[in-house]
Amino acid sequence: MHGYIKTGNSQPAWLFPFVVIVVLILSVLPLARLAMVGITAFADGGVMTVLGEASLWSATYYTVVTAILGTVISLVIGCLFAFLLTLTDIRAKGLLSFFFVLPMMIPAQVTALAWVQMSGPSSPLLKALHIAPPLGSPQPLYSVGGIALLYGVQHAPLVYLALRAGLTTLPRDGVEAARLSGASSLRVFRDIILPLSLPGIIAGAAISFVSCTGNFGIPAILGIPASIFTLPTLIFTKFSAFTSRTFGDVTVLSAIIAVISVIGLMIQDRALRGRDYRVIGLSGASAAFELGVWRFAFTPLVWVILFFMLAAPFFALLAGALVPAYGVPLTFKTMSLHAFEEILFRQAVTRTAFINSLSLAGATALCLLVVTVLAAYALTRRKDVVSRIVSSLIEIPGIVMAVSFILVFAAPIPILHVSLYGTIWIILIAYFSSFFAVSLKPVVSAFHQLDPALEEAARLSGAGFFRRLADIIVPLIAPAAGASVILVFLIACNELTISALLWSAGTQTLGVAIYNLDDSGSSDLASALSVLVVLMVVVLMLLLELLAKRLPKGVVPWRG
């Protein structure tokens, strides 16, 4: 048919080129600009100057060390929950999974602020409980160990999700055969479950390591006060003290972050190379272990871990919001809602931050959805190398994209002579780029589950592409599209890494507002705003939970 290409299920000839152009604008162009600045800096000798700075190697060291330690902690916690919630008969699996994934949805700077309020000699909560360390004691979280610990807490859900995906495909008949042969549960776990779980464990470790490497919120709250800089926080300080060398310097730092991330992924690939993990036979969750008396040990253990990961930090955050200043113990006399009143009704900056974050998140989620539906259609209908390359270009680390967009829009746009730098529009475009992959995944999952015969029948009956889209495709993928909007909105509302580099007066987001309030010493206001953000996250996650039964498998991350 004229205007269509033959791909098993015909699609308009313009569709895939449209997707390619979008990816070029959102990913390739900014990265090309980053590469050009890097090449220029190298030619001018600026790279050697940066490489000779002690601060660079110190930041690289702290980035790698905290990422490795954080990955180890996330592996221990994530693997424990994945094995228990997937393979055993522990009770309340759905509730435990919901609570365990929650830290991943909470902004990193909020997690860091909550833990600071929960520990140290000035903690309002510990003071109220009369268990605070003596005054003058150091804050234990302002250290490499503190950063690594919170990396582990923040990214353990990533390990959990990666490992659980593999555990659900374990060979049910192989496990049953081993049991019938007299093998103990420990022997089955050691000889069958653990070897087959290695791909998920290694994948989870790689995802956690890359996420730790690019994390800004946690080292910004915990590291900067102790003069411990990682590469993302060093980039932030470089922009704060802007000079003629800044662009070249941050380009080199961004390249090092990318190199470290790539090395982590190469180690993952090397660990899995030459191993065949294909499973033959039946698979499913019925390959479960009965805990028996061990339930009385593991059930309290997982709830205690969740208490210290979620409940205790949240109560500490709430306590910090209810006292007039950090370090004042929480009592009935000191308790006040002043910080919440200030945040909601008096602080123009926080009102602006709420408006900006909600507007940016809403616009990003809705605008991306339109592009996402078309991109998912095109990419799932094509199986060639070009489509795989386009798909891989969609996933770019946020810190790298933020730097790239600064370089692209630092000067006015040619011909139009319009400058986006310092406006809210540059943040919006950077959000489009960074959250494209988040928006795309649920919709792609839904497209994979569609029966192409329905659309093909409509096409043969003469229905055009947009008619098929409106009458058949959109109604069938609507639940996944709704989940996509909520997920993007949820993550974009609480984003800090991108907006910390791109914001200016009047364009503050919630993440920036929380960081600035804490940095200026208004910890009560920062805590109050953080409590409101956590409550918003929980409400949005509950909305996703209500949609869960109508969504494709895997769209809602905490559900089996």
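Source: prediction; values computed, not measured.
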ask   = Hey, does Trp503 have a side-chain heavy atom less than 4.5 Å from the side chain of Thr509?
value = no
CG (Asn516) and CG (Leu525) are apart, to the nearest 0.5 Å, by 12.5 Å
Got Cys79 and Val159 here, is their nearest side-chain heavy-atom distance under 4.5 Å?
yes
- Query: Would you say Thr86's side chain and Ala82's backbone share a donor-acceptor pair under 3.5 angstrom?
  - Reply: yes
- request: Could you check if a side-chain atom of Tyr151 sits within less than 4.5 angstrom of a side-chain atom of Ile218, using non-hydrogen atoms only?
  value: yes
Rounded to the nearest 0.5 Å, the OG atom of Ser499 sits from the CG atom of Leu428 at a distance of 12.5 Å
Check: Phe81 ring centroid to Phe100 ring centroid under 6.0 Å: yes
Separation between CD1 (Ile221) and OG1 (Thr111), nearest 0.5 Å, reads 10.5 Å
In terms of heavy-atom contacts, Gln154 and Pro103 come closest through NE2-O, 3.2 Å
Residues Met309 and Val153: closest non-hydrogen pair is CE-O, 3.8 Å
message: Test side chain to side chain contact (heavy atoms under 4.5 Å, CB included) on Val259 and Ile263; report intermediate values, then the result.
response: CA-CA 6 Å; Val259 168; Ile263 290 173; 3.9 Å; yes
Judged by atom type as modelled, is there a donor-acceptor pair below 3.5 Å linking the side chain of Thr213 to the main-chain atoms of Phe209?
yes
Value for CG (Leu222) from CG (Leu141), rounded to nearest 0.5 Å, stands at 5.5 Å
Ser123 side chain to Gly120 backbone, donor-acceptor under 3.5 Å | no
Tightest non-hydrogen contact, residues Thr507 and Ile427, listed as O-CD1, 3.8 Å
After noting the C-alpha distance and the side-chain angles of Val22 and Phe436, does the key distance pass the side chain to side chain contact (heavy atoms under 4.5 Å, CB included) rule? CA-CA 10 Å; Val22 169; Phe436 194 1; 4.0 Å; yes
| query | Does the Thr364 side chain pair with the main chain of Phe432, one donor and one acceptor, at a distance under 3.5 Å? | reply | no
Taking every heavy atom of Ser434 against every heavy atom of Ile498, the minimum-distance pair comes out as OG-CD1, 2.9 Å
Close side-chain approach of Arg164 to Leu85, heavy-atom, < 4.5 Å: no
To the nearest 0.5 Å, atom CG of Asn356 lies from atom CD of Gln508 at 7.0 Å
Could you tell me if the side chain of Leu510 sits less than 4.5 Å from the side chain of Leu532, heavy atoms only? no
| task | Applying side chain to side chain contact (heavy atoms under 4.5 Å, CB included), run through Leu360 and Glu495 and close with a yes or a no. | result | CA-CA 10 Å; Leu360 284 167; Glu495 189 280 331; over 6 Å; no
Between Ser74 and Ser208 the two heavy atoms that sit nearest each other are OG-OG, 2.8 Å
### Task
Could you check if a side-chain atom of Leu158 sits within less than 4.5 angstrom of a side-chain atom of Ser211, using non-hydrogen atoms only?
yes
Do Asn215 and His155 have side chains that get closer than 4.5 Å, going by heavy atoms? yes
Open item on the list: Show, in sequence, the C-alpha distance, side-chain angles and deciding distance for Phe298 and Thr88, and conclude whether the side chain to side chain contact (heavy atoms under 4.5 Å, CB included) test is met.
Closed with: CA-CA 10 Å; Phe298 284 117; Thr88 74; over 6 Å; no
dist Tyr160:OH -> Leu84:CG (nearest 0.5 Å) comes out at 10.0 Å
Discussion item. Donor-acceptor pair, distance only, cut-off 3.5 Å: does the side chain of Gln117 make one with the backbone of Pro313?
Written reply: no
Correct closest heavy-atom pair for Phe315 and Leu125 would be C-CD2, 4.2 Å
Side-chain donor/acceptor of Ser58 to backbone N/O of Ala54, under 3.5 Å
no
### Query
Can you check whether Phe354's main-chain N or O pairs, donor with acceptor, with Ser357's side chain at less than 3.5 Å?
no
- Under a 4.5 Å cut-off applied to non-hydrogen side-chain atoms, are Thr60 and Leu56 in contact? yes
